[in-house]
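Side chains included, hydrogens not; waters and symmetry mates left out as well; all remaining heavy atoms used. This is a predicted model, so every value here is computed, not measured. Chain naming here is simple, since letters A, B, ... match the order of the sequence lines and numbering starts at 1 in each.
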2 protein chains.
Amino acid sequence: MALGDAILACLTERPMTGYELAKTFDSSIGFFWKADHQQIYRELSKLRDRGYIQGREVVQSGKPNKLVYTLTPEGRTALRHWAARPSTPASTKDDLLVRLHALDSIDIEPLRADLMARLEHHRDRHANYERILKKRFPDGTAEGKLDLGNLLLLRLGARHEQMVADFCEEALEALSAMSGKATVVPLEDSKREGKG
Amino acid sequence: MALGDAILACLTERPMTGYELAKTFDSSIGFFWKADHQQIYRELSKLRDRGYIQGREVVQSGKPNKLVYTLTPEGRTALRHWAARPSTPASTKDDLLVRLHALDSIDIEPLRADLMARLEHHRDRHANYERILKKRFPDGTAEGKLDLGNLLLLRLGARHEQMVADFCEEALEALSAMSGKATVVPLEDSKREGKG
DNA sequence: GGCGCATATGCGTCAATGTGCATATGAGGC
DNA sequence: GCCTCATATGCACATTGACGCATATGCGCC
């Protein structure tokens, strides 16, 4: 139960509804853990069944009533126990890397386009991290423990995006250099046989 | 079908049995894509059903007969089509990062132990990448397209491990600095000396 | 003779995850 | 009146993944 623990971790900050959690998983914690609202609601049900969180219905007019979830002492304990177990290093699982592994069996042009898109993507994310860092930690230091964790995470995120962006650039350059001196070949699709 | 495509990518190099693939997924491509042999055999059945690979039984004595799988032209085409689609950037999903997000609600000592274990883990992997790089690409350049892909991947892997290892070190230092000046409760200091 | 190990393939089950669809309503635009 | 957007919750189905277990055999070790 990894997503469940991520949700518990979020709820340590403040009580939230599923909807708010979904938005959180779209920004802050979502930078390193993706989950859509369906997953989150499903997991919330489980966590409630286990007594780790407690829902309080807030009646609203004009909108559907909402369920604000709060960590129970049991939930807090469960989170602590989970966090005390050794973590398992996750593997990357990035499509792009698999493609590079089979570089000589795939078409280069779409790969190039993909690399360019990814370059932009990772640059955007890097800029986003830097923006948040400057806003939340203008002097680069953290006060409390909670802040320290987030500062470290933001720095890691920024560096990671920077590194992947650099990688995309390098890969693009290497591809250009290679197609300059070797098997470019593309566009041989006008067959002499078919047209006439 | 992501694992399936990773398998197809592996089979572009040479025909392999499920067993060999499992070993491959334990080393080279396994650096960025984990899969155990059960998953691989299941996926191989699917790929065979779809006509993307073809199994040839090799009778052996002393060992169970083996099934050597070869890419079919259809499989090659499928791989090219898959590789021509834009890739989806994967999210990190690392337990350790979730724990840091909830830093003020968890126990620090197990986290510290975890960070130290992870530091060693990522250093080992970094050393491993560097070793392979020196062995396969002593002068840091690649000849063909296949080599280029692998060179890029190895470099990315090395840098990634280096970065995460650095991160672990930093986090450990920050935790020490913090526990020096703030809340963190040592286990049981009946001796209350300190500086006075 | 029994034990573990490497080789070699595979099934069954359950948890985790991904994708699509369903429901409910007020606000604002066409 | 109809459509879309934002809010707010949730089910159903399929895929993927993790884990245990089963089968078969030769080899070296004790």
Side-chain angles (χ1 to χ4, degrees), chain A residues 1-8 15-27 29-30 32-50 53 55-69 82 85 87-95 98, chain B residues 1-8 15-27 29-30 32-50 53 55-69 82 85 87-95 98:
Chain A
M1 192 189 44
L3 174 59
D5 292 294
I7 289 173
L8 293 180
M16 275 191 264
T17 66
Y19 191 80
E20 287 175 295
L21 277 165
K23 278 192 292 184
T24 304
F25 272 82
D26 228 40
S27 56
I29 202 180
F32 52 90
W33 202 288
K34 283 269 166 261
D36 53 30
H37 77 272
Q38 293 92 333
Q39 267 177 282
I40 288 165
Y41 283 115
R42 187 178 15 186
E43 204 63 37
L44 283 172
S45 305
K46 281 191 212 166
L47 291 171
R48 189 177 42 193
D49 291 348
R50 289 177 200 180
I53 58 175
R56 189 170 48 81
E57 188 165 18
V58 174
V59 180
Q60 299 189 123
S61 58
K63 297 170 198 174
N65 295 344
K66 64 183 178 185
L67 273 162
V68 182
Y69 287 104
W82 170 77
R85 291 192 343 239
S87 66
T88 50
S91 60
T92 312
K93 300 219 170 174
D94 190 329
D95 290 7
V98 176
Chain B
M1 194 189 44
L3 174 58
D5 291 294
I7 289 174
L8 293 180
M16 276 192 263
T17 67
Y19 191 79
E20 286 175 295
L21 277 165
K23 278 192 293 183
T24 304
F25 272 81
D26 228 39
S27 58
I29 202 180
F32 52 89
W33 203 288
K34 283 266 165 266
D36 55 28
H37 77 272
Q38 292 94 332
Q39 262 177 287
I40 288 165
Y41 283 116
R42 195 192 336 170
E43 204 65 36
L44 282 172
S45 305
K46 280 191 212 165
L47 291 172
R48 190 177 40 193
D49 291 348
R50 288 176 201 180
I53 59 175
R56 190 170 48 81
E57 189 165 17
V58 175
V59 180
Q60 298 188 125
S61 60
K63 298 170 195 174
N65 295 344
K66 63 183 178 183
L67 273 163
V68 181
Y69 287 103
W82 169 76
R85 290 193 344 240
S87 66
T88 49
S91 60
T92 313
K93 298 218 171 175
D94 189 330
D95 290 8
V98 175

Calculate the interatomic distance between A/His37 atom NE2 and D/dT9 atom C1'; express it in whole Å. 8 Å
Between P on C/dT9 and CD1 on B/Ile53, what's the gap in Å once rounded to a whole number? 11 Å
Taking N and O atoms by type only, does the side chain of B/Arg42 place a donor or acceptor under 3.5 Å from a partner on the base of C/dG12? no
With a 4.5 Å heavy-atom cut-off, do A/Leu21 and A/Leu44 have their side chains touching? yes
Name the nucleic acid region contacted by B/Ser45, choosing base, sugar-phosphate or nothing; use a 4.0 angstrom heavy-atom cut-off, strictly under. nothing
Atom CD1 of B/Ile7 to atom C1' of D/dG17: distance rounded to whole Å? 13 Å
Backbone of A/Thr17 reached by a side-chain donor or acceptor of A/Glu20 within 3.5 Å: yes
Does OP1 or OP2 of D/dT7 have a side-chain N or O of A/Gln60 closer than 4.0 Å? no
Looking at side-chain heavy atoms only, is the closest gap between B/Lys46 and B/Ile7 below 4.5 Å? no
So, is A/Lys23 close to the D/dA8 phosphate, meaning a side-chain N or O under 4.0 Å from OP1 or OP2? no
By the 4.0 Å heavy-atom rule, please label A/Gln38 as base, sugar-phosphate, or nothing. base
I need the OH-C1' distance between A/Tyr69 and D/dT9, as an integer number of Å. 9 Å
Flag side-chain contact, heavy atom, 4.5 Å: A/Trp33 against B/Asp95: yes
Considering only heavy side-chain atoms of B/Lys93, the closest of C/dG18, D/dA8, C/dA6 is C/dG18
Whole angstrom value for the distance that separates P of C/dC11 from CD of B/Gln39: 15 Å
Whole-Å distance separating the NZ atom of A/Lys46 from the P atom of D/dG10: 15 Å
Length of the line joining B/Asp36:CG and C/dG10:P, which is rounded to integer Å: 15 Å
